[in-house]
Amino acid sequence: MLTQIQETLKTLLCSAVEKLYSITMSPTEIVTEFPPRPELGDLAIPVAFELAKRLKATTEKKVNPRQIAEALRQELGKVDGISRFEIAGGGYINAFFDRSTFVTKLNSDIAPGEKFGGKLIVEHTSVNPNKAAHIGHLRNAVLGDTIVRMLKATGEQVEVHNYIDNTGVQVADVVVGLKHIEKKSLSELESIDKFDYYCWDLYARVGRFYEEAPDNKQLRAEVLHALEHGQGEVAELADYVSTRILKCHLKTMQRLDITYDVLPRESEIIKLNFWQTAFEKLKQAGAIYYETEGRNKGCWVMRSEGNKSESEPDEKILVRSNGTVTYTGKDIAYHLWKLGLLELDFNYKVFYTYPNGKQVWITTPELTEDRPGFGKATAYFNVIDVGQSYPQHYVKLGVKLLSSNKQIDKSAHLAYEKVVLTPRSARELGYELGQEDAHRSQISMSGRKGLGVKADDLIDKLEEKALAGVTERNPELPQEKREEIAHILAVGALRYYLLKYTRSSVIAFDFDEALTFEGETGPYIQYALVRIAGIFRKMADIDVSSWLTNVSPEKLTQLLSMKEEATGWDGNYLWSLLHFAAQLNDVLRTAIRSLEPTHLAKYAYQLAARFNEFYNKSAGMPIYKVVAEPDLDKRMLLVLIVDYVRRQLTLALQLLGINVPDRM
RNA sequence: GCACCCGUAGCUCAAUGGAUAGAGCACCAGACUUCGGAUCUGGAUGUUGGGGGUUCGAGUCCCUCCGGGUGCGCCA
């Protein structure tokens, strides 16, 4: 309903603006906001400020925004669903809704906004398959997964990729460790439990191994060389490592309800010569240059136009002087494929089946019959840490140079900042701080050093703590049920923790903060819904909808605006709660526009806080006792409000990938 | 040296160029014969790092300085 009113007003204002000022605006250009205080109205439109600016620019005349607002108000006249307009402040047009109409038309549907259209590819997680995932990887996966949920909710077709760099240095290093430090054969690996943890430690040992003797690093080059050809014992070992670790990662992410559609591997990109085709296309399009002199002599490079200085042209090497292709080169080839610009396709096979039956596909070197139809997207979104902005810039530049499709321009690098450790959390992990680190406020996690909070460890701790709380409060529930609830709470706590920060904010990981269930946390929001569930357990067979069709608009309006001294009933207060609950769709649009799930997370928390406040209004003076309210109309309205809050809040949490228990 | 990000309450963080800059944590004091206290109410904390500019309006945009982080690989 709220969204409908917004769209109606925007459209009407566009024609009013056209008529009065001969200025053409599109509805999307008209901004609406919610007034800071409810007395000011239900919707504020600052369009008069914008018009004053434009009029000044074209006619040189200064016009008072208030006059413009007043004229627009006259032109709008009477609008359905709006009881009146007021001009406020410097020139806001504030709309007051017809409350009874609004209440009868409440719905919890996500209204599709401006669609991207076609298929969108979201790539996230993409952890090197050589060790256990840590908390930083979780930030990536949770961000990506939430974006996926948001886009799908608005009706977009989304394909989820998790890119697997199975032939890179990191996998090679673990292979060096297995072969030269542990001296393990392939058959001996099978019996190792928690293989990702085992490799976590081994990887750190390899780092030290390289430092012990400079010659040891030669071993890495040998392994990498073997991986290039993709055959032999070393290649088999590497394939075993990356495949088994990948399974570990999938299971870890599955704990947080994160799944993928397809797992493209670097080995197949190499084997199928994606780069060769991409290379030819880039050359034909004049997108890359062969350097004949200078420090990059003998290399093929891509230049970033308009952003180069005399001394150091801004460019990225795609082909080295020895003829080998860089990672960025391969990434460009992969992205050309993503967008259907390569005329080549992978072979696929099913890699893993989730408990709900959903299948994940992986690319494979064998020829297969299956053509699941991956790729050929209109735009891509890459969730990759901010440190890779430079190569990501060239990836986008590359694909744009090879396509005239404007939609591709909407593709984006969803850059996010790292998760780092506070010195305290590093010590809690048993890490001895060196002299340099001791002064720092934050300490980077490092796979090479084996320093980091492993994802599964953290989830275990959260579940353990949640279980203790659930058991304390619900001792009568069977163990299995309590564990199920504890899991839901743990996921809620973790996902909210990772989403409450904006992407550009560095998260300084702290165990106490991550493990709390009080205050601004996921379980706080879940708790509000558990309380609501409690209310409805006591009101099983209530029929609000038939009441709603029979109650008079006058009565509804009265209930939602009157203030009773005797009982404390405040209709305006209830209206503002309802109004806030109706803002979900608006918030979702903001979150998608900015590709910033934080907006949604903060909103969910605020809505839960509003409800908890409402719930506690019964303290001291029993004002809004839903179950015990003696007056039928009042009781029905309270049920309606609580039910609406429940629907909207549940939806908001679903978008964040957080489930709701009925008890906790 | 060049580029990007950050700097907001004691701490951790919010705030599509809009109305009186907000939350959580921590601290203190409170909350009914509970629709569940993982909750709520109250307390007080701010020259939004400094300075200049743009405009009806700046935490937000521009310039500059200070402080912190990251990138600027023929690594991935």
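A note on names: the letters A, B, ... follow the listed sequences, proteins ahead of strands, and every chain is numbered from 1.
- Residue contacts for A:V386: at a heavy-atom cut-off of 4.0 Å it reaches no nucleic acid atom on any strand shown.
- Counting any heavy atom pair closer than 4.0 Å across all strands shown, A:V301 reaches no nucleic acid atom.
- In this structure, A:A628 reaches neither bases nor backbone, as no heavy-atom distance under 4.0 Å exists between it and the strands shown.
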Polar-atom pairs under 3.5 Å, protein N or O versus N or O of nucleotides 56-62 of chain B: list them with distances, or write none.
unit_1, atom_1, unit_2, atom_2, d
B:C56, OP1, A:K56, NZ, 3.4
B:G57, O6, A:K53, NZ, 3.1

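- In the model, A:Y496 has a side-chain atom that pairs as donor or acceptor with a side-chain atom of A:E520 under 3.5 Å.
- The residue A:R37 sits close to a base: some heavy atom pair falls under 4.0 Å.
- Taking atom C1' in both B:C61 and B:U48, one finds a spacing of 16 Å when rounded to whole Å.
- Ring geometry for A:Y163 versus A:Y327: interplanar angle over 60°, hence perpendicular rather than tilted (30 to 60°).
- Summarising the geometry, the separation between CD on A:E29 and P on B:G17 is reported as 15 Å, rounded to the nearest angstrom.
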Measure all distances between protein nitrogen or oxygen atoms and nitrogen or oxygen atoms of nucleotides 74-76 of chain B, and list the pairs falling under 3.5 Å.
unit_1, atom_1, unit_2, atom_2, d
B:C74, O3', A:R320, NE, 3.0
B:C74, O2, A:S321, OG, 3.1
B:C74, N3, A:S321, OG, 2.7
B:C74, N4, A:R295, O, 3.4
B:C74, N4, A:K297, O, 3.2
B:C75, OP2, A:R320, NE, 3.3
B:C75, O3', A:R320, NH2, 3.2
B:A76, OP1, A:R320, NH2, 2.4
B:A76, OP2, A:R320, NH2, 3.0
B:A76, OP2, A:Y327, N, 3.1
B:A76, O3', A:D165, OD2, 2.8
B:A76, O2', A:D165, OD2, 2.7

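- Taking atom OH of residue A:Y497 and atom P of nucleotide B:A23, one finds them 22 Å apart after rounding to whole Å.
- Of all the heavy atoms in A:L227 and A:A172, the pair that sits closest is CD1-CB, 4.4 Å.
- Rounded to whole Å, atom C1' of B:C25 lies 11 Å from atom CG of A:D510.
- Looking only at atom types and distance, the side chain of A:T28 has a donor-acceptor partner in the side chain of A:S26 under 3.5 Å away.
- Contact annotation for A:G534: backbone-only contact, meaning every heavy-atom pair under 4.0 Å involves sugar-phosphate atoms and none involves a base.
- Between A:V627 and A:S389, the residue anchored nearer the 5' end of RNA chain B, judged by the nucleotide with its closest heavy atom, is A:S389.
- Base contact: A:P36 has a heavy atom under 4.0 Å from a base atom.
- Under the 3.5 Å distance criterion, the side-chain polar atoms of A:R503 are matched with a main-chain donor or acceptor of A:L595.
- Nucleotides B:G59 and B:G17, compared at atom P, are 13 Å apart to the nearest Å.
- Contact annotation for A:M664: base contact, defined as any heavy-atom pair under 4.0 Å involving a base atom.
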Look for any protein N or O under 3.5 Å of an N or O in nucleotides 10-14 of chain B and output each such pair with its distance, or none.
unit_1, atom_1, unit_2, atom_2, d
B:U12, O2', A:Y501, OH, 3.4
B:C13, OP1, A:V506, O, 3.0
B:A14, OP1, A:T502, N, 2.9
B:A14, OP1, A:T502, OG1, 2.2

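- Atom NZ of A:K617 and atom P of B:C32 are 17 Å apart (whole Å).
- Listed candidates were B:C40, B:G71, B:G37. Nearest to the side chain of A:Y390 is B:G71.
- For A:E33, the CD atom counts as densely surrounded, since its 6.0 Å shell holds more than 12 non-hydrogen atoms of other residues, nucleotides or ligands.
- Across the C1' atoms, B:U8 and B:G24 are found 15 Å apart, a figure rounded to whole Å.
- Within the 4.5 Å cutoff, the side chain of A:Y289 has no heavy atoms near those of the A:E315 side chain.
- When heavy atoms are screened at a 4.0 angstrom cut-off, A:F517 is found touching base atoms of the nucleic acid.
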Given A:D331 and A:Y394, is the side-chain hydrogen bond (donor to acceptor under 3.5 Å, both in side chains) satisfied, shown in steps? CA-CA 10 Å; A:D331 214 18; A:Y394 286 94; over 6 Å; no
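- Among residue pairs with one or both ends in residues 34-61 of chain A, those qualifying as ring pair (Phe, Tyr, Trp, His ring centres under 6.0 Å) are A:F34-A:H579, A:F49-A:Y92; sequence neighbours excluded.
- At a cut-off of 3.5 Å, with distance as the only test, no side-chain donor of A:T125 or A:N162 sits close to an acceptor on the other residue.
- The A:E520 side chain lies nearest to B:G24 when the options are B:A19, B:G24, B:G36.
- Comparing B:C13 with B:A19, their C1' atoms sit 24 Å apart, to the nearest whole Å.
- Rounded to the nearest Å, the gap between the C1' atom of B:C35 and that of B:G30 is 23 Å.
- A side-chain donor-acceptor contact under 3.5 Å links A:D173 and A:Y210.
- Residue A:D662 contributes atom CG, which lies 13 Å from atom P of B:G36 at whole-angstrom precision.
- Rounded to a whole angstrom, the distance from the C1' atom of B:U41 to that of B:G46 is 24 Å.
- B:C32 atom P lies 15 Å from atom CD1 of A:I623, rounded to whole Å.
- Using C1' as the reference atom, B:C75 and B:A23 are 42 Å apart when rounded to the nearest Å.
- Between the side chains of A:E596 and A:T598, at least one donor-acceptor pair of N or O atoms lies under 3.5 Å.
- Closest to the side chain of A:N612, out of B:G36, B:C40, B:U70, is B:C40.
- Under 3.5 Å, the side chains of A:T502 and A:S505 contain no donor-acceptor pair of N or O atoms.
- Expressed to the nearest 0.5 Å, how far CE of A:M636 lies from CE of A:M539 amounts to 7.5 Å.
- At least one side-chain nitrogen or oxygen of A:K625 sits closer than 4.0 Å to the OP1 or OP2 atom of B:C35.
- Minimum interatomic distance between A:M664 and A:L489 (heavy atoms only, all atoms of both residues): CE-CD2, 3.8 Å.
- Contact annotation for A:N94: base contact, defined as any heavy-atom pair under 4.0 Å involving a base atom.
- In this structure, CD1 of A:I525 is placed 12 Å from C1' of B:G24, rounded to the nearest angstrom.
- Taking atom OH of residue A:Y524 and atom C1' of nucleotide B:U39, one finds them 7 Å apart after rounding to whole Å.
- Atom name C1', nucleotides B:G57 and B:G50: the rounded distance is 23 Å, in whole Å.
- Across all their heavy atoms, A:V419 and A:F509 have their closest contact at CG1-CB, 3.8 Å.
- With a 3.5 Å limit on both pairing distances and Watson-Crick or G-U wobble geometry required, the stems of 3 or more pairs in RNA chain B span B:1-5 with B:68-72, B:10-13 with B:22-25, B:27-31 with B:39-43, B:49-53 with B:61-65.
- Among residues two or more places apart in sequence or in another chain, the ring pair (Phe, Tyr, Trp, His ring centres under 6.0 Å) test is passed with A:Y644 by none.
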